[in-house]
Amino acid sequence: ADQLQGELTAAQEAIAALRQSIADKNKDKESMRLQLLAGQSLQEENRKLAERADTLQKELVAAGNRHQELRKTIDDLRLASQELKQKLDAEQIAREGQDEERARL
């Protein structure tokens, strides 16, 4: 009877050890599953951030192009303003010359 009791105790301990081993493996599987999900989540977040960075880069290039267009427009307006001033100055000088001519006559 003592021998049977010893075998029963040994069998119960072996069953408990197997159950613990199974529980540990299940925990490991769950841990790996959670790590996989976290990795997938990080990959998705990284993909979204990469898309946003790409969009911002395109917007930056477009803003730079627009800035260049505006600088050219400003330069064109300055040149036109200078030309107009020169024309007005020439007309003023011509009028003053005509006024002097009339005054002599």
Side-chain angles (χ1 to χ4, degrees):
D2 286 339
Q3 183 182 354
L4 289 176
Q5 184 63 35
E7 289 176 15
L8 178 61
T9 301
Q12 287 173 335
E13 288 173 357
I15 290 171
L18 285 173
R19 285 183 177 154
Q20 185 61 46
S21 176
I22 291 169
D24 290 345
K25 287 182 181 179
N26 285 339
K27 285 180 185 176
D28 289 345
K29 284 181 185 178
E30 181 64 14
S31 176
M32 286 191 291
R33 187 183 74 78
L34 291 174
Q35 288 176 354
L36 178 63
L37 287 174
Q40 289 171 342
S41 177
L42 288 174
Q43 285 177 339
E44 178 63 18
E45 186 66 23
N46 191 39
R47 184 190 62 75
K48 288 178 182 177
L49 288 172
E51 286 177 0
R52 181 69 178 137
D54 185 51
T55 298
L56 289 173
Q57 179 64 31
K58 288 176 183 175
E59 289 175 2
L60 181 61
V61 168
N65 292 341
R66 182 68 180 135
H67 179 261
Q68 287 177 338
E69 291 171 6
L70 290 171
R71 293 296 312 161
K72 184 182 180 320
T73 300
I74 289 169
D75 290 344
D76 291 347
L77 289 171
R78 282 187 180 141
L79 181 60
S81 174
Q82 288 173 351
E83 290 172 354
L84 183 58
K85 185 176 182 321
Q86 289 172 353
K87 184 178 178 182
L88 289 173
D89 288 347
E91 287 177 3
Q92 179 67 29
I93 291 170
R95 271 196 306 272
E96 289 173 359
Q98 289 174 353
D99 290 347
E100 289 174 7
E101 186 67 28
R102 283 190 212 124
R104 275 189 278 159
L105 296 176

Sub-4.5 Å side-chain heavy-atom contact between [X] and [Y]:
X     : Y     : answer
Glu69 : Arg66 : yes
Asn65 : Gln68 : yes
Gln43 : Asn46 : no

Kindly say whether Ala17 contributes a backbone atom to a donor-acceptor pair with the side chain of Ser21 at under 3.5 angstrom?
no
Say whether, by atom type as modelled, one donor and one acceptor occur between the side chain of Ser31 and the main chain of Lys27 under 3.5 angstrom.
no
Thinking salt bridges, do Lys48 and Glu51 make one under a 4.0 Å N-O criterion?
no
Atom pair [atom1] ([X]) and [atom2] ([Y]), whose distance is rounded to the nearest 0.5 Å:
X     : Y     : atom1 : atom2 : result
Leu84 : Gln82 : CG    : CD    : 11.0 Å
His67 : Leu60 : NE2   : CG    : 12.0 Å
Met32 : Lys25 : CE    : NZ    : 11.0 Å
Asp28 : Arg33 : CG    : CZ    : 14.0 Å
Leu4  : Thr9  : CG    : OG1   : 10.5 Å
Leu49 : Leu42 : CG    : CG    : 10.5 Å

When you check the side-chain N and O atoms of Gln92 and Arg95, is any donor under 3.5 Å from an acceptor?
yes
Check whether the side chains of Glu30 and Asn26 place a donor and an acceptor atom closer than 3.5 Å, and report yes or no.
no
Inspect the surroundings of CZ in Arg19 and state if more than 12 heavy atoms from other residues, nucleotides or ligands are less than 6.0 Å away.
no
Identified side chain to side chain donor-acceptor pair (under 3.5 Å) counterpart of Asp89 within the set Lys85, Gln86, Lys87:
Lys85
